[in-house]
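Just so it is clear, the structure is predicted and the values come from calculations on it, not from any experiment. Just so you know, residue 1 is the first one in the sequence shown, and it goes up from there.
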Amino acid sequence: MDRNWTWVLIFRAALLVVLCHMTSALDVPLDLPQPPTITLQSPKDYIFDPRENIVIHCEAKGKPNPSFSWTRNGIHFDVEKDSKVLMKPGSGTLVIDISGEKAEAYEGTYQCTAHNDHGTAVSNNIVIRQSRSPLWSKERNEAITVQMGVSLVLQCRPPVGLPPPVIFWMDNNFQRLPLDQRVSQALNGDLYFSNVLPEDTRSDYICYARFPHTQTIQQKQPISVTVLSNSPEGEHHPGFMLPLGPTSTKMVLRGETLELECIAEGLPTPEISWQKDGGELPSNRMSFHNFKKTLKISDVNEVDGGDYRCTATNNMGTAHHIIKVTVKAAPFWVSAPRNLILAPNETGILTCRVKGEPKPKITWFVNGVLMESDRKVEDDTVILSNVQSGSSAVYQCNASNEFGYLLANAFVSVLAEPPRVLTPPNQVYQVISNNPALLHFIFDFGSDLKTVFKDSQTSIKNGDPYVIHENGTLEIHVAQPLNSGKYTCIATNNLGIKENHVYLEVKEPTRILKQPEYKVMQRGMNAVFECKVKHDPSLIPTMIWLKDNGELPDDERFEVDADSLTIKYVTEEDEGTYTCIRNTSLDQDSASAMLTVVEKPDPPTDLELTDHTERSVRLTWIPGDEHNSPTQKFLIQYEDLLHQPGVWINLTEVAGTSTTARLNLSPYVYYSFRVLALNHVGYSLPSQPSHQYRTNPAAPDENPSNVQGVGTQPGNLVISWTPLTGFQSNGPGLEYRVQWRQKDMDEDWSSRNVANVSQFVVSETPTFVPYEIKVQALNDYGSGPEPEIVIGYSGEDFPLSAPDSVQVMVHNSTLAEVHWEPVSASSVRGKLQGYKVYYQRERGLHETEGKMDEQEQVLTFSGNRSEGRLPGLQPYSLYRLLITVLNNKGEGPPSPSKTFETPEGVPGPPSFLNIINPSLDSLILEWGPPLNNNGRLSGYTLKYQPGILNNTSELGPVKVMTFLPNETTVILGNLNSSMLYKFYLSAKTIKGSGPVITEEAFWCVCMCVCCLTLFHVLSGPTEPPHPTSPIIQSPHPPFHKVPPVGPVFGTVNTSVSEDGAVINWEYFGHHKNVYVEYIVENSKEDWKKELVNGSHSHMIKGLKPGTSYRVRVVARDPVDSKVHSTDEVLVSVPAVPSRQVDIATQGWFIGLMCAIALLILVLLIVCFIKRNKGGKYPVKEKEDAHQDPEIQPMKEDDGTFGEYSDTEDHKPLKGSRTPSNGTVRRDESDDSLVDYGEGGEGQFNEDGSFIGQYSGKKEKDTHEGNESSEAPSPVNAMNSFV
């Protein structure tokens, strides 16, 4: 219960503060009497420039207007008696003219008083002081002489000015002295050297003091410093020069900036770091200055008190100093007293709540006079009970301690008036959901709050969720959207009644849905921070981006969009915390993220070599700036100035936390070292090279590598090695001792010393015998280690004997296997590489003589083999083969030749297939025998089938015909001229049918025009036929050399169409990558290739008309560097016919004429049908009037036209005959248009030619039944007009 009560009290106190603040914000109408209120006054401490007038401000308001008076040093200041002092009309502001006067006469403490009939208000005590810039006292500075490495302090001690001067150090040329980690300026202006160097010697160290108000600069006498290097100070531990001792104290006032300073001496120069014992440094209010020697904390509060530890560190040790910080506080407001407007007999309370350290003393005044003891005062509160008219006054609260004071005026105005609304009428209050809402119904003059209504209906009572305060404020603890609406308050007193209306709108809160994220960016990249927000749609949001709680830099690289901030090409200066603030008129939400810019590290500096030995040295360096990315490692490189000047070689790597490394060295090297640093971004630039370090010569540490012994010809042995580099030589006079002896022979080593060579030739050696070999390095300082023995062989000679017992086993028509007896090892006279099999086709078994152009083929079988396979043989052929043995020198004598025969196989495709003498229902096929019979030809098989034009997927039944070997033509009749026909022809032997050759043919007829289009393609046995133009090229298949391993290519054929060139081949290999390659004939360009894996046919598109191309098929194996290829085939692409041709032969023109003829025919039919429906035309009337016996009416039973027919001379269409009954019959020529379809619509092919029947069904064959009895066709009608 006690805890809950405590929270209630805290909440009520906070609410009272809020309500009082709201009340004070309400201005009393100026038409009512009120005491004075100070509205403007000068600051408590006023330092003036004696060259300008003194202006002391004092402004006030009240009813009636107040009058003003002044005191100076507690005594009344009669303004009118001093001609130099002027008070502004209607104001209490003083203007003092000090020209020609001593300004000191007007220094003092001033206070302004504003008075009217209802009370007196007073201002703060304003202390007026003149700014001063005194001269430097005369002094003589003694010249300073110090040894190099010691610390030094040059004192400034400027004159005391008002305000204090700004200190800086310059030389005689008015150039600022450079400051760094070693040389720094303290807060008191003194110049500190952590250690002095010879370059610090100079005679013009001058301290300057600039006084801000007078803008004058005073100069101290120059100080001369001489640094001696005859007895330099060595490296030593850090120590503190400022402050002195292990601890010190510091007092700071609340709200001010705390400045802590630590300056240390030492060699090397120490680095300073800060920490707070038992706490964290406030990162958002903290900053480092003067190379981290000064720590500043802004807006100090009580939590900043404590012990601050500064640490100085160098490689010799560390030093610590503790600064004990105490935070005091001048009085500051918790709650200042507020103005009161009371009605007679009311009670009021004035509260003056302040804090400070030490605790402030509170004193009350009334109208500037100390309050009498009969008033009811409780420490910081004055209670005014049962006030009466005429008791209006101004009360002053003064709170003070040793560090300052606060003074506040608050009037109490007692007025007898009817209720008056002090808040604006119909005011709209907007709050965010789930926040408190305060609706102010502020009435005055003794009003009695009667009732509060919501939406003019519901009466609101005290209690959850509403609280009605005594001053008329309605509070809603947690406002919700349902609390929105109109609120009405009615108040009365004995002089009247008044009501007020306010409106409450509860809004949705503003929330950041996607906050910006921490970014680590490399210098020069773009950083994007996203900040997506949800807000109440009735509120207009604004987006503000801050950098380190300040405005964004005025830089076009910063682009602010609706939901994001983009920083282009980030630099180190862009690092910091970026905050997005989404504001509305009621609330805001914010989120922050840090940007860290990383870059390659700076190169290390100050490379130093220590701990020198014959074979090692220690290298030490100082790391460069890491640029926010920790160093991962250091790379140490060396340059050999003796053997390889200008070439830097990697020596070793060390961890990024190391700054030293022990380096192993080689003799006889002039070393120079450099260091590179690596972080997450990359390597730094190299450091500056170290001083040169030379090592002494020594005997070699190693021998030549890669020692070999190989004979290049019979009777010699070439011993070779990889020479040592100059770096490996370890000294001058490098030579090589070459030693050799025959292996397994009891003989001494032969030896020879050579220099500047990498091989030695031993002559007069036996053929191909093993030798033991050694090569040792030596120089002027000794020999290298004992070398290892290497086995080499002397030179080889040609083999002496040939393989015996050669046997051949034929597996099938294209594959045979050969066996032999290997030769003896001694006869090889070298390293056995394998056996070569030479074989050649002598002739076909059906031939009496062989061809002269048959090529010999070679297969090599590696290793000690005794058999091998011969692929890619030609069936039904006689072959001859022989075998040789192979070593590195060459081949031995051949074996006796051996012959064998291959059985029959399937034949090749017919050499050609042509269509000749085509008519409307028949054609002649002519073909040639295969170029390669591969056996005894047993005949041919022809297959053909009809199909629908332009729809090759719908084909009719296949018809098969066989022919004897001597038959090469056939006449095919009873063909349907409206169909596309495909012909497949293949030759066969007893082993089966070979690949097919294909033709396609179709007819198109339009108004007595007949066109025949043929397609021709040559395809393999497993590939579908490809339609091509009538141009065909089928060269004799080349005879290929069989490769030793891998794919074997058989027959290659080519053909050319309008779409490109079609290549077909036989392939028996296993390789995965097969290409068709082509190039323009006589061109030097690279071969173009197209991948054709898994196929035996390919079309090359995009070839240039009128150009010849060389084409080949190539196989490559990823694990075999050898390329296997067919012989090249020449493909000629015909030129495109000239565009200047007879228009009558063009497809588009024929199609257009067909379309026009069809349109005319349809119009004639329509007109004729109209006439037959019985309409009376003028011609008809004349015919009725003059009957002609030769003119017969139309006969409905046979569908002929009686009118306009010529019974004596019917003129049929070309290729047709018209019987006497008027119908068009089919005769032996089968040329009639009625046979071009089977009842379907007439249709056009792609070139515009018309095909098919106009109407009616196709006449059936004579053996299929009766003739058609359909209605007359348009052709019949056309015949009747001829």
Looking only at heavy atoms, what is the nearest atom pair of [X] and [Y], with distance?
X      : Y      : value
Ser194 : Ser151 : O-CB, 3.6 Å
Asp307 : Lys324 : OD1-CG, 3.3 Å
Pro36  : Ala121 : O-CB, 3.9 Å
Pro270 : Gln181 : O-NE2, 3.4 Å
Ile323 : Cys262 : CD1-SG, 4.2 Å
Met87  : Val79  : CE-CG2, 4.1 Å

Indicate whether the side chain of [X] and that of [Y] have a donor and an acceptor atom separated by less than 3.5 Å.
X      : Y      : answer
Glu59  : Thr93  : yes
His115 : Ser69  : no
Thr39  : Lys61  : no
Thr71  : His76  : no
Gln396 : Asn409 : yes

Look only at the side chain of [X] and the backbone of [Y], and say whether a donor-acceptor pair between them is shorter than 3.5 Å.
X      : Y      : answer
Asp97  : Lys84  : no
Glu346 : Ala343 : yes
Asn141 : Gln221 : yes
Gln388 : Asn386 : yes
His118 : Pro33  : no
Asn401 : Pro358 : yes
Asn290 : Thr294 : no
Ser131 : Phe48  : yes
Trp274 : Phe288 : no
Asp190 : Cys156 : yes

Between atom [atom1] of [X] and atom [atom2] of [Y], what is the distance when rounded to the nearest 0.5 Å?
X      : Y      : atom1 : atom2 : value
Ile349 : Thr381 : CD1   : OG1   : 7.0 Å
Cys112 : Ile126 : SG    : CD1   : 7.5 Å
Leu154 : Asp200 : CG    : CG    : 9.5 Å
Phe365 : Tyr395 : CZ    : OH    : 14.0 Å
Leu94  : Leu86  : CG    : CG    : 8.5 Å
Lys88  : His57  : NZ    : NE2   : 6.5 Å

Any salt bridge between [X] and [Y], counting N to O under 4.0 Å?
X      : Y      : value
Glu107 : Arg129 : no
Lys328 : Glu402 : no
Asp304 : Arg285 : yes
Arg72  : Asp82  : no

Which is it for Ile96 and Asn53 under the side chain to side chain contact (heavy atoms under 4.5 Å, CB included) test, yes or no, and what are the steps along the way?
CA-CA 6 Å; Ile96 304 175; Asn53 291 338; over 6 Å; no
Close side-chain approach of [X] to [Y], heavy-atom, < 4.5 Å:
X      : Y      : answer
Gln111 : Thr109 : no
Val394 : Val366 : no
Val85  : Trp70  : no
Cys310 : Phe240 : yes
Leu191 : Val153 : no
Tyr308 : Ile297 : yes
Asn583 : Ile544 : yes
Asp380 : Arg353 : yes

Arg202/Asp204 under salt bridge (Lys or Arg N to Asp or Glu O under 4.0 Å): CA gap, chis, key distance, verdict
CA-CA 6 Å; Arg202 63 190 311 152; Asp204 56 351; 2.8 Å; yes
Check the pair Phe68, Thr113 against side chain to side chain contact (heavy atoms under 4.5 Å, CB included), reporting the backbone distance first and the verdict last.
CA-CA 5 Å; Phe68 298 90; Thr113 301; over 6 Å; no
Let me see the working for Thr363 and Leu370 under side chain to side chain contact (heavy atoms under 4.5 Å, CB included), right down to the final yes or no.
CA-CA 8 Å; Thr363 305; Leu370 188 64; 3.4 Å; yes
Per side-chain contact (heavy atoms from CB on, under 4.5 Å), Val412 is matched among Asn339, Leu340, Val382 by Leu340
Residues that Asp180 engages under salt bridge (Lys or Arg N to Asp or Glu O under 4.0 Å), provided they are two or more places apart:
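Per chain and number, Asp180 pairs via salt bridge (Lys or Arg N to Asp or Glu O under 4.0 Å) with no residue.
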Pair Arg254-Glu302, salt bridge (Lys or Arg N to Asp or Glu O under 4.0 Å): steps then yes or no:
CA-CA 7 Å; Arg254 180 184 183 274; Glu302 291 78 2; 3.6 Å; yes
Anything under 30° is parallel, anything over 60° is perpendicular, the rest tilted; go ahead and classify Tyr208 against Phe168.
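Tyr208 and Phe168: parallel rings.
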Do the numbers put Lys44 on top of the ring of Tyr405, so that NZ or CZ is under 6.0 Å from the six-membered ring centre and no more than 45° off the axis?
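Here Lys44 passes the 6.0 Å and 45° test against Tyr405.
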Are Glu139 and Lys220 close enough, and set up right, to give a salt bridge (Lys or Arg N to Asp or Glu O under 4.0 Å), and what steps lead you there?
CA-CA 9 Å; Glu139 60 179 350; Lys220 184 182 176 71; 2.3 Å; yes
Ile128 and Ile56: side chain to side chain contact (heavy atoms under 4.5 Å, CB included), yes or no, with the steps?
CA-CA 9 Å; Ile128 305 297; Ile56 310 175; 4.0 Å; yes
